[in-house]
**Student:** 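Quick one: the structure is below, and I'll ask about it shortly.
Residue numbering restarts at 1 for every chain, and letters A, B, ... go by the order of the sequence lines.
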Amino acid sequence: GSDKKGDAASGDTKSIGLLLPENASSTRYESFDKPFIEAKVKALCSDCNVKYSNAEGSAAKQKQQFDTLIAQGVKVIILDAFDAKSTQAWVKEAADKGVKVIAYDRLATGPVSAYVSFDNEKVGELQGQALVDALGAKAADANVVMINGDDADPNAGKFKAGAHKVLDGKVKKIVYEQSGEWKPTVAGQKMGAAITQLTKDGFQAVYSANDGMAAAIITQLKSAGINVPVGGQDAGLDAIQRIVAGDQAYTIYKAYKPLADSAAELAVDLLQGKDIKSVASSTIDSDTDKAIPAKLLDPKVVTKANINDTVIADGLYKVSDICTGDYAAACATAGLK
Amino acid sequence: MTTEQTTTPAADAAPAPAVDPRLLVREASLAGYLAEFKRKMKSGDLGSVPVVLGLILIGAIFQGITGDFLNADNLTNITKWIAGPGLIAVGIVFVLLLGEIDLSLGSVAGVSAAIAAVLSVRSGMNEWLAILVAIAAAIAIGALHGFFFAKIGVPAFVVTLAGLLAWSGLQMAVLGDKGTVNVINDGVLANLDTYFLGDGDVAFTWGFAVLGIALFGAGQVLDSRRRNAAGLLARPMSEIALRTGVIAVIGLVAAYMLNQDRGLPLPLVIFLSVVVITDFVLRRTSYGRQIFAVGGGVEAARRAGINVAWVRISVFMISAGMAALGGLFIASQQGSADKLLGSGNVLMNSIAAAVIGGTSLFGGRGKTWSALLGILVIQSIITGLDLVHVNQAVQYMITGSVLLAAVVLDSVSRKTQKSSGRG
Amino acid sequence: MTTEQTTTPAADAAPAPAVDPRLLVREASLAGYLAEFKRKMKSGDLGSVPVVLGLILIGAIFQGITGDFLNADNLTNITKWIAGPGLIAVGIVFVLLLGEIDLSLGSVAGVSAAIAAVLSVRSGMNEWLAILVAIAAAIAIGALHGFFFAKIGVPAFVVTLAGLLAWSGLQMAVLGDKGTVNVINDGVLANLDTYFLGDGDVAFTWGFAVLGIALFGAGQVLDSRRRNAAGLLARPMSEIALRTGVIAVIGLVAAYMLNQDRGLPLPLVIFLSVVVITDFVLRRTSYGRQIFAVGGGVEAARRAGINVAWVRISVFMISAGMAALGGLFIASQQGSADKLLGSGNVLMNSIAAAVIGGTSLFGGRGKTWSALLGILVIQSIITGLDLVHVNQAVQYMITGSVLLAAVVLDSVSRKTQKSSGRG
Amino acid sequence: MVHVTGAPVLALRGVSKRFGAVQALTDVHLEVHAGEVVALVGDNGAGKSTLVKTIAGVHPIDEGSIEWEGTAVSINRPHDAQALGVATVYQDLALCDNLDVVGNLFLGRELKKFGTLDEVAMEKRARELLDTLSIRIPSVRIPIAALSGGQRQVVAIARALVGDPKIVILDEPTAALGVEQTAQVLDLVERLRGRGLGVILISHNMADVKAVADTVAVLRLGRNNGVFEVESTSHEEIISAITGATENAVTRRQARLAEEAK
Amino acid sequence: MVHVTGAPVLALRGVSKRFGAVQALTDVHLEVHAGEVVALVGDNGAGKSTLVKTIAGVHPIDEGSIEWEGTAVSINRPHDAQALGVATVYQDLALCDNLDVVGNLFLGRELKKFGTLDEVAMEKRARELLDTLSIRIPSVRIPIAALSGGQRQVVAIARALVGDPKIVILDEPTAALGVEQTAQVLDLVERLRGRGLGVILISHNMADVKAVADTVAVLRLGRNNGVFEVESTSHEEIISAITGATENAVTRRQARLAEEAK
Ligand SMILES: Nc1ncnc2c1ncn2[C@@H]1O[C@H](COP(=O)(O)OP(=O)(O)OP(=O)(O)O)[C@@H](O)[C@H]1O
Ligand SMILES: Nc1ncnc2c1ncn2[C@@H]1O[C@H](COP(=O)(O)OP(=O)(O)OP(=O)(O)O)[C@@H](O)[C@H]1O
Ligand SMILES: [Mg+2]
Ligand SMILES: [Mg+2]
């Protein structure tokens with residue numbers, strides 16, 4: 001008796017659901033993904049609206065938000081699954097009710113209608129490569145400290161695996177590897193422990209899974225008087241500033257705008273019953289389903305050299321955002337105006 | 001100074017009469033009942049009424065804002081979702097009655113879900129057996145906590161904080177490198193959340209409601225008869241009729257709403273049954289009495305010959321067992337057991353539910369119904385805000401304010417009455 | 001039945017002598033002191049000794065496993081890292097002394113750090129002023145909590161749980177879309193964590209240690225003199241010498257270790273000063289006495305004419321202020337203020353620190369020194385495990401077990417002594 | 001015995017108090033003059049302690065008024081009563097278990113020196129106070145929780161003497177005391193009267209009441225049941241006012257014992 | 001008065017007990033026979049309650065031994081004492097404030113029916129018990145915290161009668177009671193003796209002691225200070241054994257009053 005409710009069949013033809021996974025490990029979701037998607041949806045369909053919820057890092061909570069959207073009559077949901085493995089049953093349930101799900105950022109299991117993403121393992125690989133690049137010729141003799149994301153977060157494992165894929169062959173050794181649990185303070189203390197154990201010259205680079213942890217790691221390194229390349233991911237404003245100042249070597253910039261725009265286009269198309277082939281031109285297989293229409297984008301590495309061409313060119317930040325008091329001088333030398 | 005010699009040899013003869021003349025006895029009629037209700041209203045002695053009012057207010061406000069809150073399917077969803085945290089909150093009520101706290105219940109829920117899922121999916125064990133093993137493991141964990149608390153004398157806060165860490169480590173270890181385990185499609189675990197009794201047959205809902213109402217009414221009548229027979233003050237029939245009427249209205253409206261959607265959800269039935277059974281244990285057995293006694297005063301309970309250590313250990317076993325059950329429902333709801341199940345706000349929400357429902361943090365006062373009321377308040381706020389779709393910063397601030405507002409009503413009404421002491 | 005007529009008119013005349021003959025008075029000599037210490041040892045009345053022993057054990061074990069734990073730079077790091085959570089724990093001690101709990105302190109720390117960082121970095125306000133504004137905001141938040149608790153009567157648990165949510169929402173809102181804010185390079189905030197007094201000059205370390213030891217000794221001697229003059233039982237000089245000697249050894253060894261690395265860290269100096277000052281306030285002022293009285297029995301305190309509401313409100317103001325200070329140190333340590341600052345384990349670690357250090361959760365018993373001892377235990381475990389390379393799951397399990405083990409020692413020794421009542 | 005005229009220091013007029021479903025006090029009147037010892041007697045649960053608590057500001061009254069030296073006052077908190085000059089020894093003592101004897105004695109009225117607590121002076125004064133009450137306490141630095149029932153009661157009584165009250169209320173002050181301590185407390189009551197203070201003494205012990213009281217006010221089931229001049233009233237009259245019957249358990253017991261003795 | 005021979009029901013031999021730095025009991029001996037009322041008297045802080053608590057199993061003894069009907073037993077928990085047949089009314093009552101009167105009366109010995117609590121039977125029995133003690137309690141369904149001091153004490157006494165004890169220990173049972181209730185309790189003590197139970201009665205009231213006790217055991221500063229046959233001992237002798245001096249506050253007060261009367 002799943003279709004007792006008469007009005008659900010008609011549904012809400014003006015709403016798009018947007019479910020984002022968390023806001024703990026990075027600021028991107030509410031700073032970029034959500035506003036970009038909202039803006040694009042408005043641009044494509046002026047009387048459409050986006051219903052957004054954040055799961056705060058809980059699969060159970062995301063399921064509730066998913067069901068709540070369906071209870072509200074929403075017909076298209078953009079789902080950035082907190083735990084892509086968990087979603088099989090939900091998506092199937094939704095599909096049975098005629099609700100279309102777009103897997104966003106992470107490939108949710110179950111019969112999703114489309115997929116738009118960066119490849120998370122690819123992010124890890126890029127991080128590894130950027131670190132090797134930052135080390136340059138010394139890479140082969142370099143010992144590396146790795147501070148990973150929270151083991152409990154499924155994505156952290158992907159970043160870690162990707163980074164290992166590159167680093168394991170190209171550097172001398174991973175001399176210290178711990179989870180920073182996505183928490184800056186924890187990451188900073190782990191770095192402190194690593195310095196104690198390895199001494200100041202015992203390592204030549206630090207891999208940090210994201211920018212937030214990188215900040216605390218850099219503080220520790222500075223107070224111990226160590227200067228080695230450190231990299232993160234997310235391209236947060238603070239990270240760009242550190243890159244300008246030369247404290248951080250790189251970050252990973254996932255061009256959120258194109259990602260968000262594609263998702264919004266797909267959602268509006270699905271809502272209006274249009275064909276989505278033009279946007280999602282390729283296909284991909286998930287653990288459970290085959291030939292899902294997909295649009296895959298490439299993440300980029302941001303270093304001091306290409307800040308202008310990436311985050312500034314894309315309008316993510318203005319030079320004035322980056323070059324505040326502390327960083328004005330560094331900006332000038334880096335050629336940011 | 002004037003000295004009056006007004007010795008008035010009062011009428012009553014020794015031995016003293018059973019009823020004190022100063023006790024304002026309620027008249028055995030409906031009018032008397034209403035008069036007493038008004039008096040209680042004025043003196044702030046209202047029991048659960050303020051919380052229920054708060055709940056109605058929350059419902060009305062969210063319905064006003066979103067227009068979807070009172071939809072049958074949204075209400076059905078809420079009744080399903082309260083089961084997991086609600087069961088944990090029932091466990092919390094037991095611990096709070098002792099005047100203690102159990103911080104480990106979230107982790108225990110997580111580890112139990114992980115054990116059940118891994119055993120049934122990865123090891124191919126029979127699902128029922130896997131569930132039993134998971135619950136048994138949780139009870140053993142609870143016994144361990146209880147042992148360190150009651151026998152070694154480590155504060156429960158520290159024991160269960162250590163447990164919080166250790167068991168979430170165990171949870172990760174059980175799930176292993178492969179992480180998340182999906183529950184078996186249409187298996188026992190999956191059905192915990194998704195099954196509707198009789199596959200949505202309306203008869204089940206009506207039947208369940210009518211049965212509940214009838215049992216309540218019959219119980220009240222029987223009790224009143226027995227008391228009358230023993231010559232004790234008993235509830236008048238008119239009052240029983242009124243109370244049963246109120247329960248009947250709530251029950252039948254709920255049944256009607258559920259039938260508008262998918263019928264009677266299994267999680268609701270199980271949660272309600274657990275609340276009723278635990279309430280019975282607390283109020284009607286000597287074990288329950290002992291829990292209250294230990295919570296009201298350890299030393300007095302000990303001197304009354306109660307085995308305080310055993311009461312404490314068993315309560316921690318019960319709370320861990322409840323947490324395991326709750327964890328299974330959460331796993332069923334999200335379709336999987338993962339490393340984060342039970343972490344985050346799960347524990348706080350459950351504790352808050354118990355406290356909002358009226359269970360004291362200082363021991364000796366509360367009932368398991370407060371877990372139901374409290375978790376309804378919390379889940380209504382959460383679901384209501386999910387319907388509103390504002391950004392998270394604002395959502396946090398609103399949740400905080402609504403939570404406070406829901407309890408302020410209760411506190412203000414209680415304040416008039418409060419004369420002294422804690423809590 | 002035999003009836004002895006052994007009326008022995010005892011020697012003492014009325015009025016009763018000042019000293020009860022049954023009180024086993026310690027002899028005024030070193031030998032007497034040692035005898036009493038042995039007696040206390042046997043009866044389990046050991047104060048902080050078990051926790052200190054636990055600390056030494058933890059140090060020895062991690063040194064054995066890793067070989068790096070007792071390095072000067074590791075110990076220096078630990079002294080720096082305890083400041084943030086330690087200051088929050090000092091605030092927690094105040095709240096626990098009332099027998100209440102403050103769940104919001106993590107969020108308050110986060111919001112204060114956010115305010116200070118945003119004002120100084122984004123709005124270009126003078127850093128000192130920004131810090132003052134942030135602390136003032138926290139104190140206002142604390143006053144709000146206190147108001148709802150003391151005046152409206154909402155349980156502190158619920159008020160501060162609502163605060164936990166609302167202020168972390170505010171924290172996000174203050175940080176805004178751009179998220180994390182880096183602290184100003186070499187600014188006041190940045191230096192909180194990284195500055196060493198006199199830029200690492202060894203004289204500062206020695207001076208600080210010697211000053212502390214001298215003040216301690218002089219205070220003891222003075223007190224003893226005054227008591228002797230008033231004809232009261234006083235500590236004998238030999239005991240004072242012994243106590244001062246122990247303090248001197250600890251202080252001088254610590255100074256030596258710090259000088260092996262970078263000198264005297266600013267966070268350590270500030271944290272120790274706060275502990276000493278708050279300890280003084282609690283033990284030597286009538287305000288402190290009032291806090292203990294309210295914690296020991298609200299009703300008795302109220303009847304003694306104490307303004308209970310004001311004591312409660314002010315304590316929540318103090319705890320929030322301490323949390324703000326702690327938040328600034330955490331921000332300094334991680335080099336930025338972000339949305340997560342103060343979330344996660346920060347609060348739990350601080351509460352655990354207070355409890356492990358010997359402050360009761362049930363009110364009226366504890367001191368701010370317990371914040372120092374407890375946070376040392378916790379940070380030692382965390383840092384020690386960071387030096388051991390195991391995966392997160394195992395680390396959680398070990399943390400839990402070590403935490404428990406550290407307290408078991410204390411509980412077992414206390415158990416011998418415990419005769420009745422809670423906690 | 002001092003006989004005074006003029007306005008009473010304290011007067012209750014038509015005071016009523018209800019707890020939930022129990023009407024604890026109904027329309028109670030009471031007057032206390034300076035230099036007068038008023039004994040307040042009544043059966044268990046008659047409402048004596050409730051009356052005392054309303055005077056002391058522990059709980060506000062529902063109806064009626066309280067007059068202090070002739071003018072109506074409102075006493076809403078214990079602090080108000082103390083400010084007027086009421087010192088109270090409660091039946092349940094109301095001591096803080098976790099504080100030591102000195103801490104309890106001076107709670108709310110600590111002696112200070114340079115703004116900080118003067119522990120030495122307080123400890124000295126505490127010893128003196130306790131010595132006048134003939135009590136032996138192992139040490140004034142052990143927490144109240146470790147004292148015997150009588151020792152605690154003496155501490156509570158001593159507390160009332162630390163301030164400078166105009167009226168002292170003693171709610172069954174000798175209940176837990178030994179013979180010697182009881183005698184000291186009775187002496188104390190007389191000394192207080194001598195200093196011109198008003199004293200309200202609650203006691204179940206008629207011998208003590210007759211020994212020190214000037215007036216006896218009887219409460220019965222929460223109502224006034226007569227005010228007697230001690231000198232001109234017999235033991236039996238008071239007891240029958242208390243129990244509300246001339247024939248009661250006390251007389252029955254006496255009769256039976258007399259019977260058996262024969 | 002019943003005179004019995006043979007082994008005492010309960011005998012303490014050389015019991016000592018220390019709390020931290022306070023030596024509360026030193027080498028105390030005590031014997032109680034069936035059908036005998038032993039009054040245990042002593043100054044405040046003499047160690048009476050401590051002695052009672054060691055018998056009741058509240059805290060274990062440090063040295064010495066306890067004999068029950070001639071054989072040595074070890075009493076480590078209150079449960080052990082209850083199992084032997086010791087019912088105790090503590091000076092601090094030891095009631096659970098949050099439970100109602102019925103709940104407290106039957107705590108640990110609830111009446112049951114089909115395995116669940118038989119509230120109706122318990123409430124009925126509670127009323128009967130309280131009525132025999134002449135106490136008026138507004139309702140047996142209000143929590144103990146709402147009762148007056150005397151009402152609570154009666155509940156605590158009634159508690160001791162719910163089981164089927166061989167020895168009843170009453171630690172100052174009449175301290176908070178009115179004249180009528182006191183008489184009832186004394187009657188009760190005599191009824192218990194009549195039923196062949198041993199009774200230990202602690203009291204500061206010499207009149208009560210002389211009225212019901214067979215033997216008086218005096219404790220002073222934690223040590224035995226004589227055991228007296230009530231019939232052959234004068235009031236003064238007992239008091240001087242308690243205070244340890246023939247000249248004390250009581251005699252001084254009497255002397256002064258006599259002086260003034262002249
Ligand atoms: N907080 C309360 N809630 C409800 N009833 C109360 C409360 N306090 C007192 N009562 C009731 O009021 C009545 C009077 O109590 P009160 O303590 O004044 O008696 P009392 O005269 O002091 O008796 P006693 O001699 O036993 O101390 C009692 O019946 C008691 O049950
Ligand atoms: N838990 C304890 N810790 C320390 N000292 C204690 C403790 N309990 C009792 N004492 C001390 O032991 C002595 C005896 O106390 P006890 O309560 O037995 O006296 P008591 O004879 O019952 O006096 P009262 O007539 O006042 O009730 C007292 O000096 C008391 O201070
Ligand atoms: Mg009274
Ligand atoms: Mg005693």
**Student:** In terms of side-chain geometry, is the basic nitrogen of D:Glu119 or C:Arg289 positioned less than 4.0 Å from the acidic oxygen of its partner?
**Tutor:** yes
**Student:** Any idea which of C:Gly231, C:Ala230, C:Gly297, C:Ala229 has the most non-hydrogen atom pairs under 4.5 angstrom with chain D?
**Tutor:**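 Top option by heavy-atom pairs under 4.5 Å: C:Ala230.
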**Student:** Heavy atoms, side chains only, cut-off 4.5 Å: are C:Arg302 and D:His79 in contact?
**Tutor:** no
**Student:** If you look only at pairs with a residue in residues 144-165 of chain D, which of them pass as a salt bridge (charged side-chain N to carboxylate O under 4.0 Å, His left out), with sequence neighbours excluded?
**Tutor:** none
**Student:** Can you tell me which residue pairs pass the salt bridge (charged side-chain N to carboxylate O under 4.0 Å, His left out) test with a partner in residues 54-77 of chain D, sequence neighbours excluded?
**Tutor:**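 Applying salt bridge (charged side-chain N to carboxylate O under 4.0 Å, His left out) to every pair that reaches into residues 54-77 of chain D, excluding sequence neighbours, yields D:Arg13-D:Glu67, D:Lys17-D:Asp62, D:Glu69-D:Lys166, D:Arg77-D:Asp80.
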**Student:** Using a strict cut-off of less than 4.0 Å between a Lys/Arg side-chain nitrogen and an Asp/Glu carboxylate oxygen, indicate whether C:Arg226 and D:Asp118 qualify as a salt bridge.
**Tutor:** yes
**Student:** Is it the backbone or the side chain of C:Tyr287 that comes under 4.5 Å from a heavy atom of chain D, or both, or neither?
**Tutor:** neither
**Student:** Please name the pair of heavy atoms, one in D:Lys124 and one in C:Leu232, separated by the smallest distance, quoted to 0.1 Å.
**Tutor:**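 Scanning both residues completely, I find the closest heavy atoms to be N-CD1, 4.3 Å.
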**Student:** Considering only heavy atoms, give the residues of residues 92-108 of chain D separated from chain C by less than 4.5 Å, sorted numerically, with 'none' for an empty result.
**Tutor:** D:Asp92, D:Ala94, D:Leu95, D:Cys96, D:Asn98, D:Leu99, D:Gly103, D:Leu107, D:Gly108
**Student:** Ignoring hydrogens and geometry, is there a side-chain-to-backbone donor-acceptor pair from C:Arg227 to D:Val120 under 3.5 Å?
**Tutor:**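 Not a single qualifying donor-acceptor pair exists.
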**Student:** What residues of residues 109-117 of chain D sit under 4.5 Å from chain C when only non-hydrogen atoms are counted?
**Tutor:**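 Within residues 109-117 of chain D, the residues under 4.5 Å from chain C are D:Glu110, D:Lys112, D:Lys113, D:Thr116, D:Leu117.
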